[in-house]
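Read through the structure below, which is laid out as structure tokens, and then see the notes.
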Amino acid sequence: MVYYKKERRSGRKFPLFSHDREVLFIKEVVSNLVNSKIKELNIYVSDAFKTTEEGKIIFNIVLDSEEVIDLNRITEASRIINKIMDETDVIAHDYDELDIYSEEKGDSSNE
């Protein structure tokens with residue numbers, strides 16, 4: 001399934017999330033693609049957005065959980081998400097880097 005945005009004036013279609021046509025629903029689309037695949041790790045997509053740093057477009061996917069996410073689980077989730085992102089054409093691949101990381105839970109000594 002491919003999500004498109006239709007330009008009002010010309011009627012042309014553009015893939016969602018292309019660099020010049022950012023759409024607000026990026027988190028929902030990414031969540032729909034990956035949450036069922038990482039559910040067994042007790043992890044879910046908290047946010048997804050693009051940024052530009054030093055001239056590079058970075059596609060950020062932020063993961064969260066009810067518990068602290070250890071390095072092994074974030075690594076496994078990253079492998080799953082990378083594979084999905086490589087195989088899907090739902091999101092335009094107009095980014096230079098994919099950055100997958102977890103929400104910060106604060107000082108672990110307080111947990």
Side-chain angles (χ1 to χ4, degrees):
M1 179 181 348
V2 179
Y3 295 85
Y4 286 97
K5 178 180 181 179
K6 194 173 191 178
E7 190 174 69
R8 289 184 187 191
R9 291 187 181 143
S10 70
R12 292 183 299 168
K13 289 183 176 181
F14 295 92
L16 288 183
F17 317 125
S18 65
H19 179 61
D20 60 337
R21 304 231 185 259
E22 198 68 28
V23 178
L24 297 175
F25 304 110
I26 192 167
K27 177 188 168 200
E28 288 78 12
V29 172
V30 172
S31 293
N32 289 338
L33 286 170
V34 304
N35 274 347
S36 65
K37 307 292 190 224
I38 60 175
K39 184 178 181 179
E40 69 183 40
L41 298 171
N42 196 25
I43 297 174
Y44 60 90
V45 173
S46 172
D47 203 0
F49 56 93
K50 290 183 185 175
T51 57
T52 303
E53 297 176 24
E54 297 178 3
K56 292 182 181 179
I57 300 169
I58 313 295
F59 189 9
N60 300 275
I61 298 177
V62 185
L63 305 177
D64 202 359
S65 176
E66 296 299 319
E67 53 202 41
V68 175
I69 304 173
D70 65 25
L71 183 59
N72 290 335
R73 288 194 311 157
I74 196 73
T75 301
E76 183 62 27
S78 294
R79 287 183 183 137
I80 293 167
I81 294 168
N82 273 319
K83 183 176 179 185
I84 292 168
M85 297 302 289
D86 286 346
E87 293 174 352
T88 187
D89 60 353
V90 173
I91 297 174
H93 293 274
D94 64 345
Y95 50 89
D96 299 306
E97 294 178 20
L98 178 61
D99 192 7
I100 303 169
Y101 55 94
S102 65
E103 286 279 350
E104 201 170 306
K105 292 289 187 188
D107 187 1
S108 61
S109 64
N110 292 333
E111 310 230 16

Mind checking the [atom1]-[atom2] spacing from [X] to [Y]? Nearest 0.5 Å is all I need.
X: S102; Y: D70; atom1: OG; atom2: CG; result: 9.5 Å
X: S31; Y: D47; atom1: OG; atom2: CG; result: 8.5 Å
X: F49; Y: K27; atom1: CZ; atom2: NZ; result: 11.5 Å
X: T88; Y: L33; atom1: OG1; atom2: CG; result: 5.0 Å
X: L71; Y: I74; atom1: CG; atom2: CD1; result: 8.5 Å

Same apolar cluster (I L V M F W Y, side chains within < 4.5 Å links), I58/V62: no
Residues R73, E40: salt bridge by 4.0 Å N-O rule: no
Sort out for me which residue in V34, L63, I80 forms a side chain to side chain contact (heavy atoms under 4.5 Å, CB included) with I43. L63
Heavy-atom side-chain proximity of F59 to V30 below 4.5 angstrom: yes
4.5 Å side-chain heavy-atom contact, T51 and I57: no
Determine yes or no for a side-chain-to-main-chain donor-acceptor pair under 3.5 angstrom, with N60 supplying the side chain and D99 the backbone. no
Closest approach of N42 to S65 (non-hydrogen atoms, all atoms of both residues): O-OG, 2.6 Å
Contacts of type side-chain hydrogen bond (donor to acceptor under 3.5 Å, both in side chains), residue S46, not counting sequence neighbours: E103
Kindly state each residue pair satisfying salt bridge (charged side-chain N to carboxylate O under 4.0 Å, His left out) with at least one member in residues 77-86, sequence neighbours excluded. E76-R79
Does K56 have any salt bridge (Lys or Arg N to Asp or Glu O under 4.0 Å) partners at least two apart in sequence or in another chain, and if so, which? E97
